[in-house]
Structure formats: structure tokens, C-alpha cells
Amino acid sequence: MDAAFTAEQDEIRRTLREILGKRCGPDEVKAAVRTTDGYDRELWQRLSRQLGLPGIAVAEEYGGVGCGPADLALACEETGRALLPSPLLATAALCAPLIAALGTDSQRSALLPPLASGALTAALAVPGPALATALALTGDDPAGRWSGGGRAGGVQARAGAGGEGWRLFGEAAQVLDGHSAPLLLVAAHTGGFARSRTLLFLVREDAPGLVRSRQAVLDETRPQARIELRDAPAELLGGPDGEGRDADVLGALAATGRTASAVLAAEAVGAAGQALARTVEYVRQREQFGRAIGSFQAVKHRLADLYVQVQAARSAAYYAAWDPEQGGLALAQALEALRMTAGEAIQLHGGIGFTWEHDAHLYFKRAASDELLFGPVHRLRAHAADRAGLFGPAPAASAHAPAHASASAHAPAHASASESTAAAVAASSPTEEKVAV
């Protein structure tokens, strides 16, 4: 296996870093998140047209670039560096794979091309604070109780009168980019208590009975919305009316969660690396007692520890991009590295770092928000340990788990061929410049 970056991957990263460096500084990020959409629509269209960013992992037959999850993860490392507010995660990492896996031919042909071009954005709506559970990141729920369990609560679906279409009732309180996405992918329970099952439905922004409101959140670069469905018409993903009942919806969500965790890990690593670089630059310039504070040994030790942690997280994220089965562990490592780096950045910036308006708090908010949405870290690791059978018999491999042979042919740099993530991290060498203060 060739573990080097391809020329195309290097070019994507270089171009993306150049564009974001000019258009996505801290001031631009703060301005973009306060718009109605919550992101810079002009920049989103430029990234879509020039780089095909939302269509990187979409098949060419549907207008995408035709690359794999590894390429999307590498691109998201750059968007993480800039804390880019955009619908990329919700559209490209969550909704597009589900539509490709479960949609009918007509649904894929109608939805994937505009999603890949950036003309259409989508959001995944699951009831309550259950996104990590729905994506099987922090635990398995084969009964799908997170979507309502066939009882009151969550989102319920029933067939329309005369068997025409479906109607949805209920609400989802934490929907990423749910306030601005023209297309919603809603997880709902149907069939009553005896025959309850979780299905996915397509809801358009102009559907009667759909009420959306943007929520006040800790991290404004991850805008969230409350979605209320009041007898809203919906289209079953996978076929009209009763078709698609036997589709493995929970399996598709779990597979999407594995890929999304690798993407999120790369994004968190990019943010952690940038937070560390900004801190190193500051301690080189800030003087105390007549010398740069970065020259003090205690400060050097703290930065060296952060550097090691960020590089270990980067190695794990690259390995997960090649083998999404390791996405949960990589995400745990990356979220922990981001949390520690953002916290130390505030500390090492001194009194100015503690002001809420300082740029370091953008990274701190992202670290806290991502762990609330997709973690916490200890549950990510516990679930990975359960799946590996570290403390008991390993569960039988599910039918939807991808084989290692189907991993992306474009393996990222420093990915190990070993089956152990720990071995991959140990064998990897850092790719960025060493910290010198």
C-alpha cells in the first residue's frame, strides 16, 4: 500500500488553505456566523465551484468528484484549521452518504447532483440530543429507541390517508444547519409499538407544518436549529409509501457515523494544530521580565506536550481516514487534543486570553461543542473497547460493516497497514514543522 499523499490531494489541500487563509480569518468567521444563514454563502459557492468541496466523496455519475472519505477528511482538516462555518459536515458527511446508500435511483439522481454542486444543502434531523447515538458513535441501539421507540416522543410517522405519502409529528431539538438547509433528512419511528422501526424521510423547506427556529448555541460555527413537525408531509427515503421497509436504516446510519467520525477527527486535528501554531507565535512575541515568555522552560514543556498530543491525534485521524472502522478512537483522540490545546492556548495567552472576545475562545468553543455533540471522549473510547472485545467477547461483525479490502485506494500519509490504531500512531512520524520557541 502506498501511504503517500497523491498529487491531487496535495493540490486540494494547498488550494483550500490558500483560499481560506484569505477569506476565513477570525474576523470573517465572526461576521459569517452572525448572518441569517450562519455562513458565508459566497465563499461556500466558490469552494463548491472551484474545488467541488461538497461533492468530493460523491460518485462521478451523480456529478461528484468521485474521491473517497479519505479525501473529504483531508479537506476537512483544512476547514478545521480555519473553523470554517459551512454546511459541509451536514451535507457531505451526513446526508449525502445516507441518500446514496438508501435512496431509490430517482431520488439519488434528483438529489445527489445538486448536493455535490453546492446548489442544495441538507441537514440530518434526529430527535433530542441523540446524534451520537443515532450514528452509533457512543453506543449501539438496535431497537432505535433514540427516535421515539414507537411510543410518544421523538418523531413519529404514519402513512397518509388513502396510502398517499407520509405525515410526520414531533420535534428534533439539535439539528446541525437545520435552520437554513432546504432539505431535511428526518429520522422517525413508525409502525406502532409492536412493529416499530426507524425510517428516514425527506422533508422540503416549504412543507406545510414544518417550523424551524435557530437556537442560541455555545459554538456559533456549528449552528443548530429546533425542528417542529406538525402533520408535515414527507417522502420516504428508499421508495414511496411502503417500499423500503426492509432497508437497513440503522446500519446505514452506523456506517455514515464511522465515516463522519473520521472526518470530524481530521477537522478537530486541523483546529488543534492551528490553535497550537497561534499560541507558539504569541509566546515568541510576548515579553515578560525582559525576555520572550516562550524562552521559559516551563512554557516550552507545555508546548512540547501539546505538540506530541496533536501529532498523535493527526496520525490517528489519517489512519481512520483510510480505515473508518477506527473512526471512533481517532475522534476521541482528536477531541481530547483539541480540548487540551484550546485550554492551554487560553492559559498561555495570559490575561488577554481569558477575555471572551479573544480569538482563542473560538477554538475553545469548538472543542466544548463537538464533545457535547459527538462525545464525550470517555464514551467514544468505551464503545470502541466494547466493539473490539477488550473487556469481554467481541460482538459479531454486523452485516453492514465494511471490509478492510474496500478501504479507499487513496490512503493518506503516515497511515499504517497494521490493524491496530495504537501501532499506527506509534509508527507514524509527524508531518508538520517542529515547535521551536
Side-chain angles (χ1 to χ4, degrees), residues 73 76 80 83 89-90 93-94 124 126-141 144-147 172-176 187 215-224 253-254 256-273 275-276 305-306 309-310 312-317 319-320 324-347 360-392 395 421-422 425:
C76 284
L83 297 180
L89 175 63
L94 297 180
L124 176 63
V126 299
L131 184 58
T133 304
L135 296 175
L137 297 178
T138 56
D140 293 319
D141 183 8
R145 288 182 294 270
W146 50 267
S147 62
Q174 295 178 330
V175 182
L176 287 173
Q215 302 289 85
V217 293
L218 175 64
D219 179 16
E220 293 180 306
T221 66
R222 293 264 198 238
Q224 300 175 34
L253 283 166
T256 299
R258 287 190 290 272
T259 302
S261 62
V263 169
L264 285 163
E267 193 180 64
V269 163
L276 177 59
D305 289 342
L306 292 178
Q309 184 144 10
V310 170
R314 177 172 285 111
S315 295
Y319 185 80
E325 283 291 323
Q326 310 302 327
L329 278 177
L331 180 57
Q333 180 84 357
L335 291 180
E336 186 173 54
L338 177 56
R339 170 165 42 85
M340 293 188 65
T341 305
E344 287 286 1
I346 292 174
Q347 293 280 341
H361 284 267
L362 292 173
Y363 297 92
F364 180 78
K365 294 173 185 176
R366 170 62 68 89
S369 176
D370 275 8
E371 192 163 357
L372 289 171
L373 280 171
F374 308 108
V377 167
H378 70 272
R379 290 191 61 189
L380 288 166
R381 286 187 171 133
H383 181 51
D386 289 341
R387 292 181 65 240
L390 293 182
F391 306 108
T421 304
V425 172

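Atom set for the values below is all heavy atoms of this structure, side chains included, hydrogens, waters and symmetry mates excluded.
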Next item on the list: Taking the side chain as every heavy atom from C-beta outward, state whether L176 and L131 have any pair of such atoms under 4.5 Å apart.
Entry: yes
Item checked: Heavy-atom pair with the smallest gap, counting every atom of A262 and A73 -> O-CB, 4.2 Å
Note to self: Rounded to the nearest 0.5 Å, what separates atom CZ in R379 from atom CZ in F374?
What the structure shows: 14.5 Å
Check: From R387 CZ over to L329 CG, what is the distance, rounded to the nearest 0.5 angstrom?
Finding: 9.0 Å
Item checked: Sidechain N-carboxylate O distance under 4.0 Å for E220, K365 -> no
Going by atom type alone, with no hydrogens or angles, which donor-acceptor pairs under 3.5 Å involve a side-chain atom of residues 336-343 and a protein atom two or more places apart or on another chain?
| unit_1 | atom_1 | unit_2 | atom_2 | d |
| --- | --- | --- | --- | --- |
| E336 | OE1 | R381 | NH2 | 3.0 |
| R339 | NE | E371 | OE1 | 3.0 |
| T341 | OG1 | A337 | O | 2.7 |

Notebook entry, point to check: Any side-chain heavy atom of L137 sitting closer than 4.5 Å to one from L380?
Noted result: yes
Check: Which heavy-atom pair separates L253 from A134 by the least distance, and what is that distance?
Finding: CB-O, 3.4 Å
Checklist line | Minimal non-hydrogen separation, A268 against A334, with atom names | finding: CB-CB, 3.8 Å
Next item on the list: Using a 4.5 Å cut-off on heavy atoms from C-beta on, say whether the side chain of D140 contacts that of D386.
Entry: no
Checklist line | For the student: nearest non-hydrogen atoms of L94 and T256, plus distance | finding: O-CG2, 3.6 Å
Notebook entry, point to check: What are the two closest heavy atoms between G327 and A320, and how far apart are they?
Noted result: CA-CB, 3.9 Å
Checklist line | Nearest non-hydrogen partners of T138 and G375, listed with the distance | finding: CG2-O, 3.5 Å
Checklist line | Member of V175, L373, L218 meeting the side chain to side chain contact (heavy atoms under 4.5 Å, CB included) criterion with Q224 | finding: L373
Next item on the list: State which residues pass side chain to side chain donor-acceptor pair (under 3.5 Å) with T221; sequence neighbours excluded, sorted by chain then number.
Entry: D219, R366
Note to self: Once side chain to side chain donor-acceptor pair (under 3.5 Å) is applied, do any residues pair with D370, and if so which ones, sequence neighbours excluded?
What the structure shows: R222
